[in-house]
Visitor: 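The structure under discussion is supplied below as structure tokens; questions concerning it will follow.
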Protein chains: 2
Amino acid sequence: MTFAARRPAAGTRDAADGYRLDDQVGYLLRRASQRHLAIFAARIPELTPTQFAALARLNQMGPLSQNLLGRETSMDASTIKGVIDRLAARGLVATDPDPEDRRRLVVSLTEAGRALFAGLAAEALAISEETLAPLTAAERRQFLSLLRKLA
Amino acid sequence: MTFAARRPAAGTRDAADGYRLDDQVGYLLRRASQRHLAIFAARIPELTPTQFAALARLNQMGPLSQNLLGRETSMDASTIKGVIDRLAARGLVATDPDPEDRRRLVVSLTEAGRALFAGLAAEALAISEETLAPLTAAERRQFLSLLRKLA
DNA sequence: CCCCGATCATTTGTATGCAAACGGAGTGTG
DNA sequence: CACACTCCGTTTGCATACAAATGATCGGGG
């Protein structure tokens with residue numbers, strides 16, 4: 001005796017009943033991102049994760065054109081523009097025209113930006129640790145490995 | 001002969017050099033969410049993932065107050081308001097005052113909303129599958145299990 | 001019964017994030 | 001050299017997200 005006999009023959013009804021929001025990867029990703037954001041905002045209130053990502057990439061790669069920096073940090077052209085505008089307004093990055101290509105706007109870290117990043121990098125690593133705290137060390141490695149395949 | 005001798009003695013410089021953006025869980029979560037969103041938008045262009053989540057929860061739980069629906073879908077009060085406003089403008093949900101508590105706004109699925117959800121549920125499951133496609137079946141189970149612990 | 005704290009919905013301000021369209025600038029081809 | 005194609009930066013419009021403040025309402029305690 002199963003429940004199969006109670007199911008309607010058509011497909012849509014089955015799918016609607018079988019859809020469990022709490023099991024969907026998109027919903028879980030959104031929730032995990034929200035939790036991470038809360039941890040980040042609590043420990044580094046002066047920057048957002050995206051702003052910090054831009055500083056980190058500039059620190060790692062040196063000056064980059066605005067659009068390229070966007071690609072290197074997974075932000076589209078309009079998003080990176082807003083991020084750079086806000087960082088520039090606070091004096092953390094400088095923007096200069098590229099003499100070799102007049103379309104380009106070269107973004108570079110200022111000394112203040114470099115110092116801020118250097119002072120916060122350890123805290124940023126601690127944020128990643130706290131985000132992964134519910135997992136054991138082995139689970140963290142496994143999770144990051146799988147997550148990388150989806151990114 | 002290692003590189004250790006070239007490292008400065010202080011801590012901040014070490015942390016700045018040791019910070020690899022591409023290894024940080026927050027960055028990877030953002031990228032995975034972006035990929036999922038692109039898949040969702042391509043396959044269900046008429047709804048956003050959050051809008052679909054609200055319909056799914058209403059389909060599962062029945063009518064709910066607006067704030068409670070927000071909690072049940074991990075959206076704060078101002079976010080869920082905008083989502084419900086847009087769904088209501090399209091006739092997919094109805095909002096009525098709660099006679100038992102005049103603070104509350106009861107949100108319920110309309111027939112159109114119920115039909116739309118039923119018609120899209122199978123596609124939504126396919127979206128989850130496509131998002132997880134880079135993983136094997138065993139990896140998917142493992143990944144979802146770990147992700148749930150972080151959400 | 002009145003007050004106090006909690007809850008509900010709303011509004012405002014700020015910050016991603018994506019789509020689409022635009023003009024300016026490089027590049028390669030015929 | 002002219003043209004098409006591409007890239008760069010910008011702008012607009014829309015949709016999450018969160019913080020903070022507000023006003024209305026509900027609940028319980030004194």
Side-chain angles (χ1 to χ4, degrees), chain A residues 26-27 29-42 44-54 63-90 92-93 95-107, chain B residues 26-27 29-42 44-54 63-90 92-93 95-107:
Chain A
Y27 181 62
L29 283 172
R30 180 162 65 85
R31 286 175 54 89
S33 293
Q34 286 174 343
R35 179 164 159 276
H36 172 264
L37 174 63
I39 293 169
F40 195 104
I44 304 187
E46 61 267 54
L47 289 172
T48 64
T50 49
Q51 290 167 358
F52 191 83
L64 297 173
S65 81
Q66 185 177 278
N67 273 14
L68 179 55
L69 175 58
R71 288 193 294 275
E72 292 292 338
T73 50
S74 296
M75 301 179 214
D76 80 354
S78 43
T79 300
I80 191 66
K81 187 201 185 322
V83 172
I84 294 305
D85 283 353
R86 285 180 283 276
L87 291 176
R90 293 170 56 183
L92 300 174
V93 301
T95 57
D96 301 282
D98 185 339
E100 295 179 9
D101 187 338
R102 284 189 295 173
R103 297 172 302 176
R104 290 200 173 100
L105 195 63
V106 177
V107 183
Chain B
Y27 182 63
L29 282 172
R30 179 161 67 85
R31 287 175 55 89
S33 293
Q34 286 174 342
R35 179 165 159 276
H36 172 264
L37 175 62
I39 294 169
F40 195 104
I44 303 187
E46 61 266 53
L47 288 173
T48 64
T50 48
Q51 288 168 359
F52 191 84
L64 296 173
S65 81
Q66 184 175 278
N67 273 16
L68 179 54
L69 175 58
R71 287 194 295 275
E72 292 292 337
T73 51
S74 295
M75 303 177 213
D76 79 354
S78 42
T79 300
I80 191 65
K81 186 200 185 321
V83 172
I84 293 307
D85 283 353
R86 286 180 282 276
L87 291 176
R90 294 170 55 184
L92 300 174
V93 301
T95 55
D96 301 283
D98 185 339
E100 295 180 8
D101 186 337
R102 284 189 296 173
R103 297 170 302 176
R104 290 200 172 100
L105 195 63
V106 177
V107 183

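To find a chain, count down the sequence lines: A is the first, B the second, and so on, and within it residues start at 1.
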Visitor: For residues 30-41 of chain B, pull every pair meeting salt bridge (Lys or Arg N to Asp or Glu O under 4.0 Å), keeping only residues two or more places apart or in separate chains.
Guide: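 Listed by first then second residue: nothing to list.
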Visitor: When the distance from CG of B:Leu64 to P of C:dA9 is rounded to whole Å, what number comes out?
Guide: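 Going from B:Leu64 (CG) to C:dA9 (P), I get 11 Å.
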Visitor: Checking B:Arg71 now: which residues fulfil side chain to side chain contact (heavy atoms under 4.5 Å, CB included) with it, not counting sequence neighbours?
Guide: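 Per chain and number, B:Arg71 pairs via side chain to side chain contact (heavy atoms under 4.5 Å, CB included) with B:Asn67, B:Leu68.
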Visitor: Judged by atom type as modelled, is there a donor-acceptor pair below 3.5 Å linking the side chain of B:Gln66 to the main-chain atoms of B:Ile84?
Guide: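 Here the side-chain-to-backbone pair does not exist.
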Visitor: Output all residues satisfying side chain to side chain contact (heavy atoms under 4.5 Å, CB included) with A:Pro63, sequence neighbours left out; order by chain, then residue number.
Guide: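 So A:Pro63 forms a side chain to side chain contact (heavy atoms under 4.5 Å, CB included) with A:Val106, A:Ser108.
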Visitor: In this structure, how many angstroms lie between the C1' atom of C:dA15 and the CG atom of A:Leu47, rounded?
Guide: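 For the pair A:Leu47 CG and C:dA15 C1', the rounded distance is 13 Å.
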Visitor: For A:Ile80 and C:dG17, give me the distance from atom CD1 to atom P, rounded to whole Å.
Guide: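 For the pair A:Ile80 CD1 and C:dG17 P, the rounded distance is 10 Å.
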Visitor: Roughly how many Å is it from CD1 in B:Ile84 to C1' in C:dC8, rounded to a whole number?
Guide: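 B:Ile84 atom CD1 is separated from C:dC8 atom C1' by 14 Å.
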Visitor: Can you list the steps and then say if B:Thr73 with B:Val83 is a side chain to side chain contact (heavy atoms under 4.5 Å, CB included)?
Guide: CA-CA 11 Å; B:Thr73 51; B:Val83 172; over 6 Å; no
Visitor: Taking CZ from B:Arg102 and C1' from C:dA6, how many angstroms apart are they, rounded to a whole number?
Guide: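 From B:Arg102 CZ to C:dA6 C1': 18 Å.
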Visitor: I would like to know whether B:Glu72 and B:Ile80 meet side chain to side chain contact (heavy atoms under 4.5 Å, CB included); could you show each step before the answer?
Guide: CA-CA 10 Å; B:Glu72 292 292 337; B:Ile80 191 65; over 6 Å; no
Visitor: Mind checking what makes side chain to side chain contact (heavy atoms under 4.5 Å, CB included) contact with B:Leu37, not counting sequence neighbours?
Guide: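 B:Leu37: side chain to side chain contact (heavy atoms under 4.5 Å, CB included) contacts with B:Pro49.
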Visitor: For nucleotides 7-17 of chain D, just jot down a letter per nucleotide in 5' to 3' order: B, S or -, based on protein non-hydrogen atoms under 4.0 Å.
Guide: BSBBB---SSB
Visitor: Run the side chain to side chain contact (heavy atoms under 4.5 Å, CB included) check on A:Val107 and A:Leu64 step by step: do they pass?
Guide: CA-CA 5 Å; A:Val107 183; A:Leu64 297 173; 5.8 Å; no
Visitor: Give the angle between the helix axes at the two ends of the helix from C:dC1-D:dG30 to C:dG30-D:dC1, taking five base pairs at each end and rounding to 10°.
Guide: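 Rounded to the nearest 10 degrees, the bend comes out at 10°.
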